[in-house]
> 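Have a look at this one before I ask anything.
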Amino acid sequence: MSESQKTLSRRGFLKGTGAAAGALGLAGLAGVGTAGSLLSPVDAHAESEERTAHLCHQFHCLTGCNLKCTIRDERISIIEPSDIVKDKKHSTICLRGIGEVSHIYSQDRLQVPMKRVGERGEGKFEQISWDEAIKTIADNLKETQQKYGEGSVFIRKSTEAGIDFDFITQLLHADAGGQWGLDRGQANGLGPAFGPWSYLSNRSHWEFKDAATIIELSHNPLESAMVWSRPLMDAKEAGVYIVAIDPRFTGTAAKANEWLPVRPGTDAALIQGMLKAVVDNGWYDEEFIMAHTSCPYLVDRATGKSFRSSETMAPNPAVVSAEPVGAPFVWDTVTNAPALYDDPAVVAALEGEWTVDGKQLVTEFTLIKEWLDGITLEWAAETSGIDKQAIVNLADRYANNGPAIIDIGLGGADKYTNADVLGHSTAMLVALTGQYGKKGAGYASYCGLGASNPSATLNYWTLPEEYGYGESPVAMYDMPYKENSIHAALTFGDAFTLEAGAAQDMLNWVKTLDFFAIVDLYHSSAVDYADIVLPACTKFECEENVKQLRDSMGHVMLANGMVKPLFESKSDLQIERLLAAQWGLEDLLPKTYEELARFMLDGVADADPRMEGITYDALLANGGVMALPETGDDYMPDGTADFFLTPSTRIELYYEYLADQGHALPVYEDANEAFETNPKKAQYPLYFTQGKSRYRIHAYYSAAEWFQEDFGPSINIAPEDAEVRGISTGDDVRVFNDRGSFVATALINRSLQPGVLFMAETTYTRYYKEGFLQNVTNSARLERGYSMFFGPQIPYNDVLVEVEKA
Amino acid sequence: MTKYGMAINKTRCIGCQTCAYACKMQNSVAKNVRWNRVLSEGCDVVDGAVGQYPNLSRTYLPLACQHCENPACMKVCPTGATYKDEMGRVEIDYEKCIGCRMCMAACPYNARSFNWEEPVHEPGFAYGDKDVPERTKGVAEKCTMCKERTDRGEEPRCVQCCPMGARVFGDLDDPNSEVSKVIATRHASQLLEEQGTHPQVYYFE
Ligand code: SF4
Ligand code: SF4
């Protein structure tokens, strides 16, 4: 038992055991100083000089706290919430911000440029100079493009690195890998109804306390995003009824009034049960439906196509096909004829069927009702594993008990092939009950993005017109499976093992590339497969005093007071400049972060008076932080239900574009692999799920030794599943299926639904005894996903496995 | 008189461990040592659960030195190394500590750690507050209620960093302090009240 877990009792009283996965050093790299020797202990610090730095921390947790760093002897010694943000509400931090003190100086930082000397995957490297490394990368990319054309080079920057700029990909017209396939499954399904970006809320999460009910649907903010889950705890203290729908007894479920442990991948069945209850009991909001939804629109029953005007166009170009479409017709009960949906004189029918010119026309609502007639609550209960009465009670509470919010996670249920059905079903539930666009109501992921804070206006550094991204005919995650022209790759961060499932397929494909270089901070899983490895520095380090300029939490934040890059690492900008120089194009890029930041702010107040006074110099004089004028406690945007980014600008529930595939309505289908009646369960009886952890942002922070003391690659298993397999906590266990296997430490955890395993999202292979979790994950693709806004999603959780003692 | 104390809102505490790492950073706490830890009550793993599926529950208990009014540790300390200071905090004079570990046996809250070896710091430099004294092999250590910060008029690091605002710090002798008011109005209780130690750290729901 480690120190952090020692209890109130005497047990575990003595000194804790060592860290689960101690520092491993740089495997196979001789003659390079480790972080330990480079950072020899300093004592007598009381006399040392101190200075402070401020920066916007992570975009990728969707929070972006401004952090204050105390730097002593040029080492970042204290990290704390910002003292210069406008209000206390924005002076925030979580353990990942604090843990940077450990993470920045981790033993597993990449320190020097390296070239591979062993086989791909073996992890044997030799130190080389920056000059040699950059030249080797450029020579290989040039040669590849000469031989196979511009589109033969794949370049991708990780999310965090990519939000500031991405020059080199465009300079080389490289393939950026197309759709990401990450965590937009529900968004795919709700987008056609509410608009493509509507998965982010249009009202503030500080409104949570004004709801009567909050349903956390496959969302666990209390563990993934501590900082923006404060409003949820405010709501709890205010007596709001909180329901958590999640296969696992998550941190959020533990705080909820009610936990509904759905079977993995079946959330849509539960929601459809609620829909059934709402419609059968007449709990829908007819006024809202008529004013804000497509329910009265007419559909040609025979073809499944919407009945539209051929002359009048819908006001908003379609988001699905990007083609304009005709305005929809409704049935006018005054003239007893079809009429344009937005004609103010029309009194539209909600239900009914009529024959016009031999066409059987029927309203969407009638079709929805007919579809729901084919669904039973018994089916919903049996499929989801949730009691029938609990489903009806939740529907009643949601529809009839005051304003209600459905707060969805980005992850979880998105990681099954049928996630679009869930998004579409939930969109329908929200639309029929009218729980949208008013105080205390809404449906979205209420994360740190969305409408909780005002945003800034900044200039975007553009390259001359002749530069831009190349075509991406095949998404990166499909490259092992679909013919493509990629022969060389350069990634900033570990794209290959994080942004794809079934790692064996991906890594085998990577091995076939003529060339692969990686720029990374840590010895991530993909590093071992690279020919050239470049060490980037963290966002706390820079060649200059300033670094990233970001718009976050209603503030403009300029990172400043940076420490010099550790070891031989360099900033992303300087790395991109070095690369660009190999093509003679470096002058198209900013020379420094200062130049970039000045450019981003130059003249913005002319376009947006809210930016008045927020200049580079003013920012520096203010410690790098300035608030936008509206930022503050009373910033509560009034998101309405009056306009959506859909063709008719109302919520459109009938997905004509999927009619041919039988999914114009959210017809239920099982996930690809994770479903009870799958014959595969005989061989692989356990559901394997992964999710976010407070100790990481995806794999990031895995290398922080402080966190390693408490948290390594461990697999949570329910007591009954462990018992039949003779597994105890602390055992090494092998997790396997047809796609591969890995070995991790077992943790017997009562908070799991029997039959379901859970692991925090992927970490670096070097921390596992053998393999890593992506070896077992699924690479199945939803065919209809290719016609969706975010493309087919990677079904990371749509996975069955077996476990045995290793 | 001033008597520093704290009240922790268990309804708001989400077990995020931010306070545990904030403490480790602030006080340059060494590898595998914690002054402040967040327990999953009644569970043998962190973030476990109590009960039988699907009727489960989980509560978190952030736990560190309780800065007792009547400290069991102080009573047994043979050298006076453990003492109650003028601000009502329980502190250790590391110079006087002889490493007998009587205090550790006496503390009903298992709040103390002992340096059996020379403390190892990862990263290998003295991170944390520059005013926090170094500890060596052979001494006991524990939460100081951020003596260095509270002496400067700042709140303890765990209070400052808690993302949930679950921790309230202040003067228990001042009936108008926020902490005193919270204790009075929210029916706060103390851990192991029957031990007679009278903790100055309170918990409320
Ligand atoms: S990781 Fe934590 S500290 Fe950093 S920005 Fe996100 S919430 Fe804030
Ligand atoms: S930081 Fe706050 S919410 Fe997090 S574990 Fe500590 S007391 Fe609880």
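Remember, predicted model here, so these are calculated numbers, not experimental data. Just so we're on the same page: letters track the sequence lines, and every chain starts at 1.
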> Return the option, out of Q753(A), R750(A), K88(A), with the maximum number of heavy-atom pairs under 4.5 Å with chain B.
R750(A)
> Can you tell if the side chain of Y53(B) reaches within under 4.5 Å of the side chain of P719(A), non-hydrogen atoms only?
no
> Would a 4.5 Å heavy-atom cut-off, applied to side chains only, mark S102(A) and E122(B) as touching?
no
> Could you look at N716(A) and say if it's the side chain, the backbone, both or neither that has a heavy atom under 4.5 Å from chain B?
neither
> Pick one of side chain, backbone, both or neither for I76(A), based on which atoms fall under 4.5 Å of a heavy atom in chain B.
backbone
> When only pairs under 4.5 Å are counted, which of G251(A), G99(A), S229(A), S91(A) shares the most heavy-atom pairs with chain B?
S229(A)
> Determine whether T729(A) and D44(B) make a side-chain contact, defined as any pair of heavy atoms from C-beta on separated by less than 4.5 Å.
no
> Heavy-atom count around E95(B) CD within 6.0 Å, excluding the residue itself: above 12?
no
> What do you reckon, is CE of M87(B) surrounded by more than 12 foreign heavy atoms closer than 6.0 Å?
yes
> So for L232(A), is it side chain, backbone, both, or neither that comes closer than 4.5 Å to the heavy atoms of chain B?
neither
> Give me the atom names and distance for the closest heavy-atom approach of P163(B) to M226(A).
CG-CB, 4.1 Å
> Spell out, as yes or no, whether a donor-acceptor pair under 3.5 Å connects the side chain of W259(A) to the backbone of S57(B).
no
> With a 4.5 Å heavy-atom cut-off, do Q17(B) and Y695(A) have their side chains touching?
yes
> State the CE-OG1 distance between M164(B) and T92(A), to the nearest 0.5 angstrom.
10.5 Å
> Of the backbone (N, CA, C, O) and the side chain (C-beta and beyond), which part of C23(B) lies under 4.5 Å from a heavy atom of chain A, both, or neither?
neither
> Please step through salt bridge (Lys or Arg N to Asp or Glu O under 4.0 Å) for the pair E709(A) and K24(B), ending with a clear verdict.
CA-CA 12 Å; E709(A) 285 179 25; K24(B) 188 176 177 78; 3.2 Å; yes
> Would R34(B) and D710(A) count as a salt bridge (Lys or Arg N to Asp or Glu O under 4.0 Å) here? Give the steps.
CA-CA 11 Å; R34(B) 289 299 156 80; D710(A) 302 325; 3.1 Å; yes
> What's the spacing between Y21(B) OH and L95(A) CG if we round to 0.5 Å?
6.5 Å
> Could you tell me the separation between the SG atom of C162(B) and the CD1 atom of I93(A), rounded to the nearest 0.5 Å?
12.0 Å
> How close do K10(B) and K255(A) get, heavy atom to heavy atom, and via which atoms?
O-NZ, 3.0 Å
> I need the R72(A) CZ to K130(B) NZ distance, nearest 0.5 Å.
8.0 Å
> Can you tell if the side chain of C94(A) reaches within under 4.5 Å of the side chain of C16(B), non-hydrogen atoms only?
no
> Contact part of A22(B) toward chain A, heavy-atom cut-off under 4.5 Å: side chain, backbone, both or neither?
both
> Could you report the tightest heavy-atom contact between V45(B) and L747(A), atom names first, then the distance?
CG1-CD2, 3.7 Å
> Taking side chain as C-beta onward, heavy atoms only, is T11(B) less than 4.5 Å from K236(A)?
yes
> For the residue pair K31(B) and E705(A), establish whether any side-chain heavy-atom pair is separated by less than 4.5 Å.
no
> Check whether any side-chain heavy atom of R58(B) sits under 4.5 Å from a side-chain heavy atom of S751(A), and report yes or no.
yes
> With ring centroids as reference points, do Y105(A) and Y127(B) lie under 6.0 angstrom apart?
no
> Heavy-atom pairs under 4.5 Å with chain A - which of E205(B), H121(B), M25(B) has more of them than the others?
M25(B)
> So which residue, P81(A), A254(A), C65(A), ends up with the most heavy-atom pairs under 4.5 Å with chain B?
P81(A)
> Can you tell me if CD on E74(A) sees more than 12 non-hydrogen neighbours from other groups inside 6.0 Å?
yes
> Using non-hydrogen atoms and a 4.5 Å limit, figure out which bit of N9(B) sits close to chain A: side chain, backbone, both or neither.
side chain
> Does E237(A) have more than 12 heavy atoms from other residues, nucleotides or ligands lying within 6.0 Å of its CD?
yes
> Applying salt bridge (Lys or Arg N to Asp or Glu O under 4.0 Å), run through D47(B) and R694(A) and close with a yes or a no.
CA-CA 11 Å; D47(B) 301 320; R694(A) 65 173 77 94; 2.9 Å; yes
